[in-house]
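Okay, so here's the structure we're looking at.
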There are 2 protein chains.
Amino acid sequence: MDLDARTMLADSGLRITAPRVAVIDALVEMPHAAADAIFAKVSETLPRTSLQAVYNVLGDLATHGLARRIEPAGSPALYELRVGDNHHHVVCTHCGKVADVDCSVGHAPCLTPSETHGFAIAEAEVTYWGVCTECREASVATVH
Amino acid sequence: MDLDARTMLADSGLRITAPRVAVIDALVEMPHAAADAIFAKVSETLPRTSLQAVYNVLGDLATHGLARRIEPAGSPALYELRVGDNHHHVVCTHCGKVADVDCSVGHAPCLTPSETHGFAIAEAEVTYWGVCTECREASVATVH
DNA sequence: CGGTCTCTTTTGAATTGATCAAATCAAATG
DNA sequence: CATTTGATTTGATCAATTCAAAAGAGACCG
């Protein structure tokens, strides 16, 4: 996958516009960002961009398979450019930070449920919940 | 776990009130329900109950470990009474219906990520996405 | 190179899901 | 039965997101 915004857009038949390029660039810097964080980042370089445009762009990117939208419980939707490889996420229960977790191929069978209740399963989404290094160190420092 | 509302509440040191009993009873009938669905059901038997009370009760139940809150992407929060066993869920991408999926114990290791990025993992949450029987049959009927 | 068409962005409002806060009310204890 | 503490109601507020119409700008064509 190419990370050049213009190439990505062109390859998907999307018009190359300043807001779209800026949103993609923001996602390169912030790999798991919510719409308002992206809006803030985009506003730095493109102050006339509306929040609405950011929502539009993110929706378009997701629709065209250029971005993936994840919605961890208790968090606004997050977007990432890493698509097409069924990877998962670790979310910090303290600060909400998200990191990628590769799908261990050898273990794929584990993600097939035993009893499917008649559902035709298309994919399994795994979210790991834990505490990130920074938050763990911070809480240790507080306790002692 | 006892499914008698009064016993559940008493065992958790919560006051036994009509709204609480009604919400628990609604959850027994609708094992994966959103706040407004529960509100509708509760309203049938206890019309003077406010939506706010339903939110309060659900929050209390969750806080005291009597209910579990799940938030599938694209869905409002759902509540279930089945707690304490780390089970997962299948969600229908068409109608949103949710069913339980037992955590296959023998496969537990699969849910340990290879690279944790320094996170102290506390739990893994798995959501299966697929199409339920009814929706699959409905779409087949439409196509032909 | 400029016109045209279509898509994109802006602007502004509306919606949904959920939470906050104060006043009223009711369950449990003695 | 009175008291106290906790629950519910009422009404406002918020955050995240979407909808819709008008204005604007890419991209292709002649």
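Protein chains get the first letters and strands the later ones, always in sequence-line order, with residue 1 at the start of each. We use all heavy atoms of the structure for the numbers below, so side chains are in, but hydrogens, waters and symmetry mates are not.
Take A:R69 and apply the salt bridge (charged side-chain N to carboxylate O under 4.0 Å, His left out) test, not counting sequence neighbours, and it matches A:E71. Taking B:H64 as the reference, nothing meets the ring pair (Phe, Tyr, Trp, His ring centres under 6.0 Å) condition, with sequence neighbours excluded. Evaluation of the salt bridge (charged side-chain N to carboxylate O under 4.0 Å, His left out) rule for A:E44 yields no partner, not counting sequence neighbours. Every residue two or more places apart in sequence or in another chain that forms a ring pair (Phe, Tyr, Trp, His ring centres under 6.0 Å) with B:H89 is listed here: B:H32, B:H87. Partners of A:A40 under the side chain to side chain contact (heavy atoms under 4.5 Å, CB included) rule, at least two apart in sequence or in another chain, do not exist in this structure.
Counting only distance, with no hydrogens or angles, the side chain of B:T93 and the backbone of B:V131 share no donor-acceptor pair below 3.5 Å. Proximity of a side-chain donor or acceptor of A:H117 to a complementary backbone N or O of B:D100 within less than 3.5 Å is detected. Side chain of B:R6 to main chain of B:T17: no donor-acceptor pair is present (N/O by atom type, distance under 3.5 Å, no hydrogens or angles).
Pairs passing the ring pair (Phe, Tyr, Trp, His ring centres under 6.0 Å) check and including a residue from residues 10-29 of chain A, sequence neighbours excluded, do not occur.
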| remark: Reading nucleotides 23-30 of chain C from 5' to 3' and marking B where a protein heavy atom lies under 4.0 Å of the base, S where only the sugar-phosphate is that close, and - otherwise, the string is ---BBS--
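Nucleotides of DNA chain D with any atom under 4.0 Å from a heavy atom of chain B span, from 5' to 3', D:dT5 to D:dG11.
The stretch residues 71-78 of chain A touches DNA chain D through A:P76, A:A77, each having a heavy atom within less than 4.0 Å of the strand. The stretch residues 47-64 of chain B touches DNA chain D through B:R48, B:T49, B:S50, B:Q52, B:A53, B:N56, B:V57, each having a heavy atom within less than 4.0 Å of the strand.
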Would you tabulate the side-chain donor-acceptor contacts of residues 48-60 of chain A under 3.5 Å, counting partners in other chains and residues two or more places apart, or write 'none'?
unit_1, atom_1, unit_2, atom_2, d
A:T49, OG1, A:L46, O, 2.8
A:S50, OG, A:A53, N, 3.0
A:D60, OD2, A:R20, NH2, 3.0

| task | Test salt bridge (charged side-chain N to carboxylate O under 4.0 Å, His left out) on A:D36 and A:K41 and set out the steps. | result | CA-CA 9 Å; A:D36 67 341; A:K41 172 68 71 178; over 6 Å; no
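Two end axes, each from the C1' atoms of five base pairs, can be drawn for the helix from C:dC1-D:dG30 to C:dG30-D:dC1; they diverge by 30°, to 10 degrees.
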